[in-house]
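Report on the following structure.
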Amino acid sequence: MADSSAPAPPTDEVANLHLDEVTGERISKTELKKRQKQRQKEAGKAAKAAAAPEKPSSKPKTAAGDEEKDLNPNQYYEIRTRHVNELLKNPETNPYPHKFHVTYDDSKFVSEFGHLKSGESAEDKVIQIAGRIYNKRASGSKLIFYDLRTSADTVSIGTAIQIVCQAQLVKEGAVSFEKQHENIRRGDVIGITGYAGRTNPKNKLAEGKEGELSIFATEITLLSPCLHMLPSVRFPFSDGEQRARMRYLDMLWNDQTRNVLWQRSRMVRYIRDFFHERRFIEVETPMMHAIAGGATALPFITHHNDLDVDMFMRVAPELFLKKMIVGQFGKVFELGKNFRNEGIDLTHNPEFTSCEFYWAYADVYDVMALTEELVSSLVKELTGSYKTKFTTQHGEVYDVNWEAPWRRVEMIPELERATGEKFPPYDELHTDETNKFLQNICKKMKVDCAPPLTNARMIDKLTGEFIENTCVNPTFILEHPQMMSPLAKYHRTKKGLCERFEAFVCKKEIANAYTELNNPFDQRLRFEEQARQKDAGDDEAQMVDESFLNALEYGRMHLPPLHGMLSH
C-alpha cells in the first residue's frame, strides 16, 4: 500500500503552475493573482498622472546657448562652426554683413543720459552702436540682457553698456524676437538699434538705488559670430604664456592690457604735439644701414638680396638725424623703431620704439630742462598727477614723484663716495693704469663685470651698482668719462669728461643726452678708440663711419640729442 505522506511527483507540481504572460514565468495561482492586482494598481496611477495638468518648473528657463557651457572648447568650436555654416547658406541669415551704420558716440552715453531715473527712458533719440558681448543672461523666453563692450578709440578704451532686449519692443514687420536672438552667443559682435533708459528693478528701489542705465534694443543684428569659447569671469584669461602668444585675446579680455596700449597712443600723440609746438620737424630715417652706428649696442644683421650685401638693422637713428642738421634743419625729431640684439626683460626688448631729437645752437643743459618739462608734463597729462606708482617684474612697488626739478648726480664723485676710493684724474680714466685700478675696485666691492674688462664697461658696471640703484625718483647722472661717450662733446671745464647726462627712474634709464661733438678731428679719434674696443672683444662698440665723418667736415651746427625709450 502506498505511503500517503510521500511528496507528489515533479510532473504533478508543474501541472499546478500558471503562466505569467508579462514575464514568461510559471508561478502558482496565488502569486499570479497578487502580481495582476499590483499591475492594475500601477496602471491606474499612471493614467491619473497622465491626465493631470503639467506643473510649472521651479527652475528658471535658461538662455539660448546655456546648454553649451558644459562643452569643452573643441566641442564648442565644432558645434558653433556647423551652426554658422548653416547660416551662411541663406543670404537672409548671413552672419557677416558688409556694414552696420554706427550713429552714436558711446563715450557720451553716461553724461548724456545719466540723469534718467528708474523706469524712465529717452525714446525720442534713436541710438545705433556696435560692440562685443561679454555676458548674456535671460529671464524667461521674452527678456534677454547683454553686457556689451564697445571698441577703443582716441577718447576711451571702450564703454561697458547693458543692453535690454524685450519681445514687446520689437517693431511690427521686423525680424521676430526669437529669430534675432537664437543665433547670438557670448563673444559675438552685434549691432544694436534702440534708445536709452534705466531699468526699474524692485529690489534696487527697495534699497534706495536707481536701476541700471541701459540701451533698450528694438533690433539686434549679428555682425560677426565668435567661433571660440571665451574665457569666463570665474576662469579668466590670466596665463602669462597664453597671453603673450594670443595678444588679441589678452587685449579683448584684460582691460589693463588694452589700457596700456591706449595710454601709449595718448603718449605718442602728446610727444608729437609737444615738439610741433616748439617748431621741431618730424622726419623718418632708414631702418637698414651699411654700418651699425649711433649707439653702443649689438646689431641685428640682415641681407639685401638685390645688392647682395649684408646690412645692419639700425640700433639708433642718430647719425642720419645729425646729417640732417648738417643739411640746415635746425630742429628735427623722429619717433621710430630700433633693433638691438640683446637681452629681454621688463625694460629691454630687441625691437623697441624711441624718440630722438636734435636742436641746433643748444647744449646739454637746455636739453636737461626740456627733458624735465616733457616727461613731467606728459605724466601729468596721462594720470592727472605728478605722483605715480610703479611695480617691477619682481613685485617691488615704487612711489615716484615726476615733478621738476629732478635730482642731479655727478658720476665720478658719486662713485668715489660709494667705494671710498679716490679715482685717477679725469684725463687719465682711459689709461692702462686706470684699468688695473678699476679691476681692483670691482674686486673690493664684489662687483662682477663680464669681459672684456675695458675701462668703459667697468665704470658703467660700477655706476649701475652704486648710482642707478638709488634712482627711484627721476635723476640725472651727469658728466660721463669721454671714453664712454664716443659721440659726446668734451666738458668745457673738466678735461677727460664730456657734457652728457642719462635720466633714470625706478632704477632704469629713460633718456640719454649730451652736447654734440661737432669737431671732425676729435670725432675720428673717438671712433678709432671704439674700433680698438671692438677689436678687444666688445661686440657692442661702434665702428668708424666715414660717411658721417665726411658730413661733419662740411661744418655742423652745435646741437645735443635726446634719446629716450617710449615703449618696449
Side-chain angles (χ1 to χ4, degrees), residues 65 68-81 84 106-107 130-136 146-161 185-190 223-269 300 335-354 379 382-383 388-398 400 505-510 565-568:
E68 298 168 347
K69 67 183 180 181
D70 295 324
L71 300 176
N72 65 46
N74 290 336
Q75 291 171 329
Y76 184 94
Y77 175 76
E78 291 175 4
I79 293 172
R80 187 73 162 132
T81 301
V84 171
D106 56 83
S107 66
R132 187 183 294 273
I133 298 171
Y134 278 69
N135 196 21
K136 178 179 179 180
Y146 295 117
D147 294 333
L148 192 85
R149 174 64 64 86
T150 60
S151 301
D153 57 23
T154 58
V155 177
S156 72
I157 62 168
T159 307
I161 304 176
R185 302 291 185 270
R186 285 182 66 242
D188 290 354
V189 178
I190 61 173
L223 303 180
S224 183
C226 178
L227 303 182
H228 292 277
M229 185 181 292
L230 283 186
S232 67
V233 175
R234 186 178 177 186
F235 301 105
F237 189 65
S238 58
D239 181 80
E241 185 167 342
Q242 280 189 319
R243 290 175 63 190
R245 293 181 181 276
M246 303 174 72
R247 279 300 186 193
Y248 50 88
L249 194 54
D250 185 27
M251 290 183 285
L252 187 157
W253 198 249
N254 294 313
D255 288 348
Q256 179 59 29
T257 300
R258 193 165 57 256
N259 186 63
V260 167
L261 294 174
W262 181 69
Q263 291 282 38
R264 181 189 184 279
S265 175
R266 295 181 64 203
M267 183 188 302
V268 171
R269 187 170 69 252
F300 283 97
L335 280 164
K337 291 287 188 182
N338 294 333
F339 306 88
R340 300 186 181 181
N341 202 353
E342 299 171 342
I344 302 175
D345 58 32
L346 187 64
T347 58
H348 293 84
N349 195 51
E351 172 189 350
F352 65 93
T353 302
S354 74
V379 171
L382 295 180
T383 68
T388 64
K389 288 186 181 292
F390 176 74
T391 303
T392 71
Q393 63 193 117
H394 305 297
E396 300 170 290
V397 179
Y398 297 134
V400 186
V505 182
C506 297
K507 307 180 183 180
K508 298 296 181 180
E509 179 190 347
I510 64 166
M565 296 181 206
L566 299 178
S567 63
H568 298 266

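Computed from a predicted model, the values in this text were never measured in an experiment. By convention here, the first residue in the shown sequence is residue 1.
When all heavy atoms of Arg186 and Tyr76 are compared, the pair lying nearest together is O-OH, 4.3 Å. Minimum heavy-atom separation, Ser354 to Asn338: OG-ND2, 2.9 Å. Taking every heavy atom of both residues into account, Thr353 and Arg264 meet most closely at OG1-NH2, 3.1 Å. Across every non-hydrogen atom of Asp153 and Trp262, the tightest pair is O-NE1, 2.8 Å. Residues Leu148 and Ala130 approach most closely at CD2-C, 4.4 Å, considering heavy atoms. Scanning all heavy atoms of the two residues, the minimum distance from Leu230 to Ile133 falls at CD1-O, 4.1 Å.
The side-chain heavy atoms of Tyr134 and Leu252, taken from C-beta on, include a pair separated by under 4.5 Å. Using a 4.5 Å heavy-atom threshold, the side chains of Trp253 and Arg243 count as separate. The side-chain heavy atoms of Leu249 and His228, taken from C-beta on, include no pair separated by under 4.5 Å. Side-chain contact between Glu78 and Thr81 is absent, with no heavy-atom pair separated by less than 4.5 Å. Within the 4.5 Å cutoff, side-chain heavy atoms of Cys506 are placed close to those of Val400.
For the atom pair NZ (Lys337) and CZ (Phe352), the distance works out to 9.5 Å, reported to the nearest 0.5 Å. Atoms NZ and CZ, on Lys136 and Arg185 in that order, are 5.5 Å from each other to the nearest 0.5 Å. Atoms NZ and CD, from Lys507 and Glu396 in turn, are 5.5 Å apart once rounded to the nearest 0.5 Å. A distance of 10.0 Å separates CG in Asp239 from CZ in Arg245, rounded to the nearest 0.5 Å. The distance from the CG atom of Asp106 to the CD1 atom of Ile161 is 5.0 Å, given to the nearest 0.5 Å.
Side chains of Arg269 and Thr154: no donor on one and acceptor on the other come within 3.5 Å.
In terms of modelled atom types and a separation under 3.5 Å, the side chain of Thr150 and the main chain of Thr159 share a donor-acceptor contact. Of the possible donor and acceptor atoms, one in the side chain of Asn72 sits under 3.5 Å from a partner among the backbone N and O of Gln75. No side-chain donor-acceptor contact under 3.5 Å links Asn254 to the backbone of Gln256. Judged by distance alone, the side chain of Arg132 and the main-chain N or O of Ser151 form no donor-acceptor pair under 3.5 Å.
Annotation: ring pair (Phe, Tyr, Trp, His ring centres under 6.0 Å) contacts of Phe390 (sequence neighbours excluded): none. Checked against ring pair (Phe, Tyr, Trp, His ring centres under 6.0 Å), Phe300 has no partners two or more places apart in sequence or in another chain.
By the 4.0 Å N-to-carboxylate-O rule, Arg80 lies close enough to Asp188 to be salt-bridged with it.
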- request: Applying side-chain contact (heavy atoms from CB on, under 4.5 Å), run through Arg247 and Leu261 and close with a yes or a no.
  value: CA-CA 11 Å; Arg247 279 300 186 193; Leu261 294 174; over 6 Å; no
